[in-house]
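Notes to accompany the following structure.
Values in this document were obtained by computation on a predicted structure and should not be read as measured data.
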Amino acid sequence: MKFVLSILVLGLSLSAAAAEHTIKVTAFYPLNGSRGASEICGKITGEMSPDFRINIVADPKYNPGPYTILPNAKGTWCAIVNSVTGTADVTL
């Protein structure tokens, strides 16, 4: 089965801090050929804040599964999600 990868990555602009932040997905693949469990990883660019949360919605148009995770101090993050269609929306 071909694993289809489709990701929507949105940038965030914080006017109060006058800083621009973007989020980039660096990896998204099924675990051990699984049809479901997938690892998704990425990085935030721009000045970090301890208040940042990464919002992931796996299979947004099929059976949406919301996840919220915290990036580390360097802005990198990874999560295990359940994605049957191999799609996810990622936002800050």
Side-chain angles (χ1 to χ4, degrees):
M1 181 180 128
K2 189 174 183 180
F3 189 77
V4 179
L5 172 64
S6 172
I7 298 184
L8 172 65
V9 180
L10 301 175
L12 175 66
S13 217
L14 299 177
S15 58
E20 188 174 311
H21 299 87
T22 59
I23 185 166
K24 179 180 178 182
V25 174
T26 57
F28 187 35
Y29 54 89
L31 297 177
N32 298 325
S34 166
R35 181 176 163 94
S38 298
E39 181 176 39
I40 185 168
C41 298
K43 179 156 179 62
I44 299 171
T45 58
E47 188 176 329
M48 288 300 299
S49 166
D51 297 328
F52 281 159
R53 303 291 184 267
I54 307 295
N55 299 302
I56 303 168
V57 179
D59 295 339
K61 295 182 180 176
Y62 173 70
N63 186 19
Y67 300 85
T68 301
I69 61 169
L70 302 172
N72 66 19
K74 295 180 181 179
T76 58
W77 53 271
C78 282
I80 304 298
V81 299
N82 186 30
S83 177
V84 175
T85 64
T87 61
D89 289 343
V90 181
T91 58
L92 278 177

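Among pairs with a residue in residues 51-92, those fulfilling disulfide bond (SG atoms under 2.5 Å apart) read C41-C78, at least two apart in sequence or across chains.
Rounding to the nearest 0.5 Å places CG of D51 at 12.0 Å from CG of L92. Between atom CD1 of residue I56 and atom CD1 of residue I40 there is a gap of 5.0 Å, rounded to the nearest 0.5 Å.
Not counting sequence neighbours, the partners of Y62 by the side chain to side chain contact (heavy atoms under 4.5 Å, CB included) test are D59, V84, T85. Here P60 pairs with V57, T87, D89 under the side chain to side chain contact (heavy atoms under 4.5 Å, CB included) rule; sequence neighbours left out. Contacts of N72 classified as side chain to side chain contact (heavy atoms under 4.5 Å, CB included), with partners at least two apart in sequence or in another chain: K74, T76. Residues passing the side chain to side chain contact (heavy atoms under 4.5 Å, CB included) test with L70, sequence neighbours excluded: R53. Applying the side-chain hydrogen bond (donor to acceptor under 3.5 Å, both in side chains) test to N55 and every residue at least two apart in sequence or in another chain returns T68.
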Give the intermediate values and the outcome of side chain to side chain contact (heavy atoms under 4.5 Å, CB included) for residues N63 and N82. CA-CA 10 Å; N63 186 19; N82 186 30; over 6 Å; no
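Considering every non-hydrogen atom in both S83 and G86, the closest pair reads OG-N, 2.9 Å. Nearest heavy-atom pair, S38 versus P30, reported as atom, atom and distance to 0.1 Å: OG-CA, 3.7 Å. The shortest non-hydrogen separation linking F52 to P71 is O-CD, 3.5 Å.
Residues W77 and V90 are in side-chain contact: their nearest non-hydrogen atoms beyond the backbone lie under 4.5 Å apart.
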